[in-house]
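Below you'll find the structure, written out as structure tokens, and then a few comments.
Position 1 is the first residue of the sequence; numbering continues from there.
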Amino acid sequence: MTRLREFRPLRPSSLTGMQIHDSIVDAIGNTPLVRLSRVHPPGNLVAKVEHMNPGGSVKDRIGVSMIDAAEQQGLVKPGDTIVEPTSGNTGVGLAMVAALRGYKLVCVMQDKQSKEKQDLLRAYGAEVVICPTDVAPEDPRSYYSVADELASRPGHFRPNQYDNPANPAAHVASTGPEIWEQTDGKIDVYVAGVGTGGTISGTARYLKSQKPDLVVVGVDPEGSIYTAERDEDVTTYLIEGVGEDFWPTTYDPSLTDRYEMVTDAEAFAMTRRLAVEEGLLVGGSCGMAVEGAIRVADEDHSKLVVVILPDSGRSYLSKIFNDEWMRENGFPV
Ligand code: PMP
């Protein structure tokens, strides 16, 4: 007791240079850039490792920006329920803000999303509603329709990451400037998977404002609308969080200079290589993005290529990192 009472800080914290965040959402961003020279020996490919955000993905950035914008516009107030269709990561970004600011959260998910992602959201206190993957977006059972219905109830608010300017804006404000500073303005090519398109569009908008001849490459799963040549090429695929079956307004395709299409098998093989060769346990959309980025980086080894790695492999231990699941789905292990 005496020792406790005797303890006094030498100076107030503002003068000691202590670095303390007021809450966990203040720790979002400033993720590291890491050279991927084991899977790409020429050394001109670097990755922005977004699972080092506190909620474990790039989507932490938009959880805060979408709720901040809605609060400023008076669309939502503490005690209300936030409803969002999510592949999981946006749900976590929203869950952190909901916990801190007193909102309830309902996450509407497709049944192809991993069990880990569902459990994770429940652990943050969210309610999870599961919908079938293999139905059209306009089908009343689809996760978009179910979320629409829930959001139409009083006291419910849907941030709608597919149609919310605060989604790409978060990347104009943070991801883009971070990459610019971390590469000292030397980035030549920016590569990202495209889901809502918020990450690629916002980051590209900032980077192109600094360097108009920067090349932006979108990586897309085979079966997604962004690279499908015909309607019948739009089919289901197993990579989570990227590709779509409709064009969201958050995606500005005019900022994407070209695409690389990657199959599930290529994406998952690279995801596994990143873990065992780079020590980077990341998700399937990361393997997909790196597969596309290596093709681009190999075209000119003097160009610095930056690829976004959106989330962690911990969400896929029962899938991509599970030999049985891989074999059942026809992938070599
Ligand atoms: N990868 C994963 C795992 C994701 O959850 C998302 C978000 N849907 C993305 C990539 C793509 O990001 P964006 O929606 O900003 O295009």
Looking at [X] and [Y], what are the two nearest heavy atoms and their distance?
X      : Y      : answer
Val146 : Val129 : CG1-CG1, 4.2 Å
Thr271 : Gly283 : CG2-O, 3.5 Å
Val97  : Tyr103 : O-CD1, 4.5 Å
Pro85  : Tyr162 : O-CE1, 4.4 Å
Ser224 : Gly243 : OG-CA, 3.1 Å
Asp220 : Met288 : C-SD, 3.9 Å

Kindly work out whether a path of hydrophobic side-chain contacts (I/L/V/M/F/W/Y, heavy atoms less than 4.5 Å apart) joins [X] to [Y].
X      : Y      : result
Tyr144 : Val83  : yes
Val215 : Val46  : no
Trp180 : Val49  : no
Ile294 : Leu36  : yes
Val290 : Phe268 : yes

Flag, side chain of [X] to backbone of [Y], donor-acceptor distance under 3.5 Å:
X      : Y      : value
Asn329 : Phe331 : no
Gln110 : Tyr143 : no
Thr256 : Val216 : no
Asp257 : Val217 : no
Thr31  : Asn53  : no
Asn89  : Lys59  : no
Ser142 : Pro137 : yes
His156 : Pro154 : yes
Thr250 : Asn167 : no

- Task: Under the side chain to side chain contact (heavy atoms under 4.5 Å, CB included) rule, what do Ile62 and His171 come out as? Steps first, then yes or no, please.
- Result: CA-CA 8 Å; Ile62 75 162; His171 301 285; 3.6 Å; yes

- Message: Going by ring-ring contact (aromatic ring centres under 6.0 Å, His included), name the pairs with one or both residues in residues 196-243, residues two or more places apart or in two chains.
- Response: Tyr226-Trp247, Tyr226-Tyr251

- Query: Given Ile82 and Leu105, is the side chain to side chain contact (heavy atoms under 4.5 Å, CB included) satisfied, shown in steps?
  - Reply: CA-CA 5 Å; Ile82 299 167; Leu105 175 65; 3.8 Å; yes

What is the distance from atom [atom1] of [X] to atom [atom2] of [Y], rounded to the nearest 0.5 Å?
X      : Y      : atom1 : atom2 : value
Thr263 : Glu222 : OG1   : CD    : 6.5 Å
Asp298 : Leu45  : CG    : CG    : 9.5 Å
Leu281 : Asp311 : CG    : CG    : 10.0 Å
Asp26  : Leu100 : CG    : CG    : 8.5 Å
Ser37  : Glu277 : OG    : CD    : 11.0 Å
Glu240 : Ser285 : CD    : OG    : 9.0 Å

- Task: Dump the intermediate steps for side chain to side chain contact (heavy atoms under 4.5 Å, CB included) on Gln210 and Ile187, then the final yes or no.
- Result: CA-CA 10 Å; Gln210 301 299 311; Ile187 177 175; over 6 Å; no

Can [X] and [Y] be counted as an ion pair, charged N to O under 4.0 angstrom?
X      : Y      : answer
Arg101 : Asp80  : no
Asp188 : Lys211 : yes
Glu50  : Arg61  : yes

Looking at [X], I want to see if its [atom1] is surrounded by more than 12 non-hydrogen atoms of other residues, nucleotides or ligands under 6.0 Å.
X      : atom1 : answer
Asp134 : CG    : no
Met52  : CE    : no
Glu324 : CD    : no
Asp231 : CG    : no
Asp323 : CG    : yes
Arg141 : CZ    : no
Arg314 : CZ    : no

- Apply side chain to side chain contact (heavy atoms under 4.5 Å, CB included) to the pair Val219 and Val194, showing each step before the final yes or no. CA-CA 6 Å; Val219 188; Val194 191; over 6 Å; no

With heavy-atom distances below 4.5 Å as the criterion, would you say the side chains of [X] and [Y] are in contact?
X      : Y      : value
Asn44  : His40  : yes
Glu278 : Val39  : yes
Ser57  : Ser312 : no
Ser65  : Asp68  : no
Arg153 : Thr81  : no
Leu94  : Pro159 : yes
Lys112 : Leu238 : no

- Sort out for me which residue in Thr175, Leu309, Val34 forms a side-chain contact (heavy atoms from CB on, under 4.5 Å) with Lys48.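 Exactly one option meets the side-chain contact (heavy atoms from CB on, under 4.5 Å) with Lys48, and it is Thr175.
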
- In Arg295, Arg273, Arg272, the residue satisfying salt bridge (charged side-chain N to carboxylate O under 4.0 Å, His left out) with Glu266 is Arg295

- Could you go step by step and tell me if Ser318 and Glu116 meet the side-chain hydrogen bond (donor to acceptor under 3.5 Å, both in side chains) rule? CA-CA 8 Å; Ser318 66; Glu116 292 95 313; 2.9 Å; yes

- Test side chain to side chain donor-acceptor pair (under 3.5 Å) applied to Thr249 and Asn160, Asn164, Thr196, Asp163, the passing residue: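 Among Asn160, Asn164, Thr196, Asp163, the one meeting side chain to side chain donor-acceptor pair (under 3.5 Å) with Thr249 is Asp163.
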
